[in-house]
Amino acid sequence: MQLVDNTTFIRKLEQLFEATKDKGTVWLTHKRLTYDGGDAVMHDRDESNKEYPCLVRVTDKKTQFSTHVKPGDLMKFHATYGSLLKASFTTLRKRDKKREKQRAEQAARRKQRMAEPVVIKGPKRGNGRKKRQRQVKAAIKLEAAKARAVKKEETRTKTCVLERSTCHNL
């Protein structure tokens, strides 16, 4: 990764936004820089007057570069950085809220259908037999879908619990 000064960083970032204007993705990372080489540990001691520089990274799949912003230059950097981001965000696509709404409605209908039991009625033999067989098949399919949904929800809660436990252990 290439380390550049603040003005070069802004200039290269502007060029990168122009290059990816029609198609592409740019990842921005902004975090506090520590020099001890390990993870930053928060202490209860009075270190509130200590100031840390910021590390700002930019990458797309081809190029990577970063800069260190000193605490004294942070306000000036954020002003230029913010105005550049605002100018570059005009190329973002708007969310298709209509499609999202349709998908949410479809999901709600599916969930409602799963909650409703399939009523099996009609004779086992004679007229209406095929209709009853279709109802039985639909009931079996519904039970399988319910079982899959329960299993999916269990795995989701397990992963959430595992993620939380690993987060608390750090």
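Counting begins at 1 with the first residue of the sequence.
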Among residues at least two apart in sequence or on other chains, which ones pass salt bridge (Lys or Arg N to Asp or Glu O under 4.0 Å) with Arg156? Glu153
Could you check whether any side-chain heavy atom of Lys98 comes within less than 4.5 Å of a side-chain heavy atom of Gln102, counting everything from C-beta outward? yes
Note: Phe17 and Ser88 closest approach over all heavy atoms is CD1-OG, 3.0 Å
Transitive ILVMFWY cluster of Val136, excluding itself - 4.5 Å side-chain cut-off: Ile120, Ile140
Smallest heavy-atom separation, Gly122 atom then Arg132 atom, equals O-NH1, 3.1 Å
What are the two closest non-hydrogen atoms of Leu142 and Pro117, and how far apart are they? CD2-CA, 4.5 Å
Does a side-chain heavy-atom distance below 4.5 Å link Arg57 with Gln64? no
When hydrophobic residues are tied together by side-chain contacts of less than 4.5 Å, even through go-betweens, does Leu74 share a cluster with Leu3? no
Pairs satisfying ring pair (Phe, Tyr, Trp, His ring centres under 6.0 Å), at least one member in residues 80-115, at least two apart: Phe77-Tyr81
Can you check whether Val58 reaches Phe65 side chain to side chain, under 4.5 Å on heavy atoms? yes
Counterpart residues, side-chain contact (heavy atoms from CB on, under 4.5 Å), relative to Arg129 (two or more places apart): Gln133
Residues that Arg125 engages under side-chain contact (heavy atoms from CB on, under 4.5 Å), provided they are two or more places apart: none
For residues Ala145 and Met114, report the shortest heavy-atom separation together with the two atoms involved. O-CE, 3.8 Å
Drop me the distance from Leu85's CG to Leu13's CG, to the nearest 0.5 angstrom. 6.5 Å
Under the side chain to side chain donor-acceptor pair (under 3.5 Å) test, residues paired with Glu100 that sit two or more places apart: Arg95
Roughly how far, to the nearest 0.5 Å, is NZ of Lys31 from SG of Cys54? 11.5 Å
Which value, rounded to the nearest 0.5 Å, describes the distance between Thr63 atom OG1 and Leu16 atom CG? 4.5 Å
Do other residues, nucleotides or ligands put more than 12 heavy atoms under 6.0 Å from the NZ atom of Lys146? yes
Mind running side chain to side chain contact (heavy atoms under 4.5 Å, CB included) on Leu28 and Val56 for me, showing each step along the way? CA-CA 7 Å; Leu28 300 167; Val56 184; 5.7 Å; no
Show me the pairs that pass side-chain hydrogen bond (donor to acceptor under 3.5 Å, both in side chains) and involve residues 6-23, at least two apart or across chains. Gln2-Lys12, Asp5-Thr7, Asp5-Thr8, Asn6-Thr67
Residues at least two apart in sequence or cross-chain that pass side-chain contact (heavy atoms from CB on, under 4.5 Å) with Glu105, listed by chain then number, are Lys101, Arg109
Taking salt bridge (Lys or Arg N to Asp or Glu O under 4.0 Å) as the test, write out the residues that go with Arg99, two or more places apart. Asp96
Please list, chain by chain and in numerical order, all residues satisfying side-chain contact (heavy atoms from CB on, under 4.5 Å) with Lys70, sequence neighbours excluded. Asp73
